[in-house]
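The structure appears below as structure tokens.
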Amino acid sequence: MKQGKNKRNNTQNLKEYIQQLAQTGIKELTDIVFPPACPVCGGVLGFEKGRRRQICPDCDNRLEYIGEPRCMKCGKPLKKTDTQQFCYDCTVKRHFYERGVAVFAYTDGIKQSIYQFKYHDKREYAAFYGRQAAQQCGALIGKWDIDLVLPVPMYAAKQRKRGYNQAELIARELSKNLNLICASEILVRTRKTTPMKELNDEERRKNVERAFLVKENVVKYKKILLVDDIYTTGATIDSCAKILYQKGAQKVYFLCLCAGKGF
């Protein structure tokens, strides 16, 4: 009799535990057991008004969000006293993409975050990047009426070594927040290229020339949004845009996590 009662109690406890899991949510429960880290300093995130912070307040102050005025072509920040609509880079060179936008200026805080994200397997930072990109740039992207989101691809051997493509993680988080279609197999990088930080403007352009291939028909996707981590001179985005136009895309836009200074 006692054994039957214990069995019923165990069953009831299990039901209550399952209900608690459903009410709490797997993500929230995971956050309790494995609390998320700040995407800048890596410290454990605390709570504010009963909700888990996305970033430490001090670290948030280290980030420079790009607002208006911004370049009407590449999205780099302009000086508030500047009466021009385009940055210097975009007045002296032709870009093949339609228009682009970036979330952060390339300052020390975001540099540190991206370094950890790319080279120390901090894939979880992509969730923060995607949310911020959607919050800061979602309204503008909505006006572009995007049909498809494509991450800028990595060379296959490099991606296997790293284990992931950082641009793809950002693209998928952004797409989830904006309810857009994201595909990672349509655009591929066909050859290994030299790291851009080692090259000047002209070398960057030649470095990525004919380095990309479109594997599927993109005619049905009239407006495409490319996603990458850092925009500097636009050489990579331009190279991707050119091949997409050749394969039938009508307009190619881009979003980058941050924008650095060009040449």
Side-chain angles (χ1 to χ4, degrees), residues 36-43 45-49 51-90 95 97-118 122-144 146 149 151-152 166-180 225-234 236-237 253-262:
C38 171
V40 175
C41 71
L45 289 170
F47 290 86
E48 182 180 13
K49 297 180 180 179
R51 300 187 65 180
R52 180 79 69 176
R53 293 182 184 274
Q54 297 181 22
I55 185 174
C56 297
D58 289 344
C59 290
D60 196 26
N61 291 332
R62 295 176 61 195
L63 300 180
E64 183 181 327
Y65 295 83
I66 298 177
E68 298 294 346
R70 68 177 101 211
C71 176
M72 293 293 291
K73 187 68 175 179
C74 72
K76 288 182 180 179
L78 299 174
K79 294 180 181 178
K80 295 188 183 299
T81 56
D82 202 335
T83 58
Q84 295 183 340
Q85 292 184 313
F86 301 94
C87 69
Y88 174 76
D89 288 351
C90 291
H95 288 298
Y97 58 79
E98 185 74 15
R99 189 178 173 186
V101 67
V103 186
F104 304 102
Y106 195 47
T107 57
D108 288 343
I110 197 65
K111 284 181 186 178
Q112 176 180 324
S113 179
I114 292 176
Y115 181 81
Q116 295 295 325
F117 176 54
K118 292 171 67 171
K122 297 296 184 180
R123 306 183 203 196
E124 65 270 23
Y125 290 2
F128 171 76
Y129 300 151
R131 283 193 300 266
Q132 295 306 308
Q135 290 174 15
Q136 301 293 324
C137 309
L140 180 59
I141 293 172
K143 293 178 181 178
W144 296 342
I146 298 299
V149 177
V152 171
Q166 70 276 359
E168 181 181 349
L169 298 185
I170 298 169
R172 292 202 177 281
E173 290 293 338
L174 174 68
S175 301
K176 183 171 66 177
N177 280 276
L178 297 182
N179 196 28
L180 296 171
L225 180 70
L226 290 166
V227 174
D228 206 359
D229 54 352
I230 303 171
Y231 178 98
T232 304
T233 66
T236 299
I237 298 295
Y253 300 87
F254 79 81
L255 175 135
C256 281
L257 186 61
C258 56
K261 293 181 180 180

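No experiment lies behind these values; they were computed from the predicted model shown.
Using a 4.5 Å heavy-atom cutoff, the side chains of His95 and Cys90 are in contact. Contact check for Ile110 versus Val103: no side-chain heavy atoms found under the 4.5 Å cut-off. Within the 4.5 Å cutoff, the side chain of Pro151 has no heavy atoms near those of the Ile170 side chain. By the 4.5 Å heavy-atom criterion applied to side chains, Thr233 and Asp89 are not counted as neighbours. The shortest distance between side-chain heavy atoms of Trp144 and Val101 falls below 4.5 Å.
The minimum heavy-atom distance between Arg53 and Pro57, with the atom names listed, is NH1-CG, 3.3 Å. The minimum heavy-atom distance between Ala105 and Ile66, with the atom names listed, is N-CG1, 3.5 Å. Summarising the geometry of Leu78 relative to Gln84, their closest heavy-atom pair is CD1-O, 3.4 Å, with the distance given to 0.1 Å. Shortest non-hydrogen contact noted between Tyr125 and Cys38 is OH-O, 3.4 Å. The minimum heavy-atom distance linking Phe254 with Cys74 is given by the pair CZ-O, 3.3 Å. Taking every heavy atom of both residues into account, Arg62 and Val40 meet most closely at NH1-CG1, 3.6 Å.
A donor-acceptor pair is defined here as one N or O able to donate and one able to accept, closer than 3.5 Å; such a pair exists between the side chain of Lys73 and the backbone of Tyr97. Under the 3.5 Å distance criterion, the side-chain polar atoms of Gln54 are left unmatched by any main-chain donor or acceptor of Phe128. The backbone N or O of Ser113 lies less than 3.5 Å from no partner atom in the side chain of Lys118, so there is not a single donor-acceptor pair. Judged purely by atom type and a 3.5 angstrom limit, Lys76 uses its side chain to pair as donor or acceptor with the backbone of Thr232. Within the 3.5 Å criterion, the main-chain N or O of Met72 finds a donor-acceptor partner in the side chain of Arg99. With hydrogens and angles disregarded, a donor-acceptor distance shorter than 3.5 Å links the side chain of Arg52 to the backbone of Leu45.
From Arg123, atom CZ reaches atom CD of Glu173 across 13.0 Å, with rounding to the nearest 0.5 Å. Note that the CG atom of Leu63 and the CG atom of Asp108 stand 11.0 Å from one another [nearest 0.5 Å]. Annotation: the span from Gln132 atom CD to Cys137 atom SG amounts to 10.0 Å, rounded to 0.5 Å. Atom CD1 of residue Ile230 and atom CG of residue Leu257 lie 8.0 Å apart, to the nearest 0.5 angstrom. Between atom CG of residue Leu180 and atom CD1 of residue Ile141 there is a gap of 7.5 Å, rounded to the nearest 0.5 Å. Distance check, rounded to the nearest 0.5 Å: CD1 of Ile55 to CG of Asp60 gives 4.5 Å.
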Item to check | Phe117/Gln166 under side chain to side chain contact (heavy atoms under 4.5 Å, CB included): CA gap, chis, key distance, verdict | outcome: CA-CA 8 Å; Phe117 176 54; Gln166 70 276 359; 3.3 Å; yes
Next on the checklist: Run Leu178 and Ile146 through side chain to side chain contact (heavy atoms under 4.5 Å, CB included) and show every step you take.
Outcome noted: CA-CA 10 Å; Leu178 297 182; Ile146 298 299; over 6 Å; no
Item to check | Derivation of the side chain to side chain contact (heavy atoms under 4.5 Å, CB included) call for Gln136 and Phe104 | outcome: CA-CA 9 Å; Gln136 301 293 324; Phe104 304 102; over 6 Å; no
Next on the checklist: Between Tyr129 and Ile114, is the side chain to side chain contact (heavy atoms under 4.5 Å, CB included) condition met? List the steps.
Outcome noted: CA-CA 10 Å; Tyr129 300 151; Ile114 292 176; 4.3 Å; yes
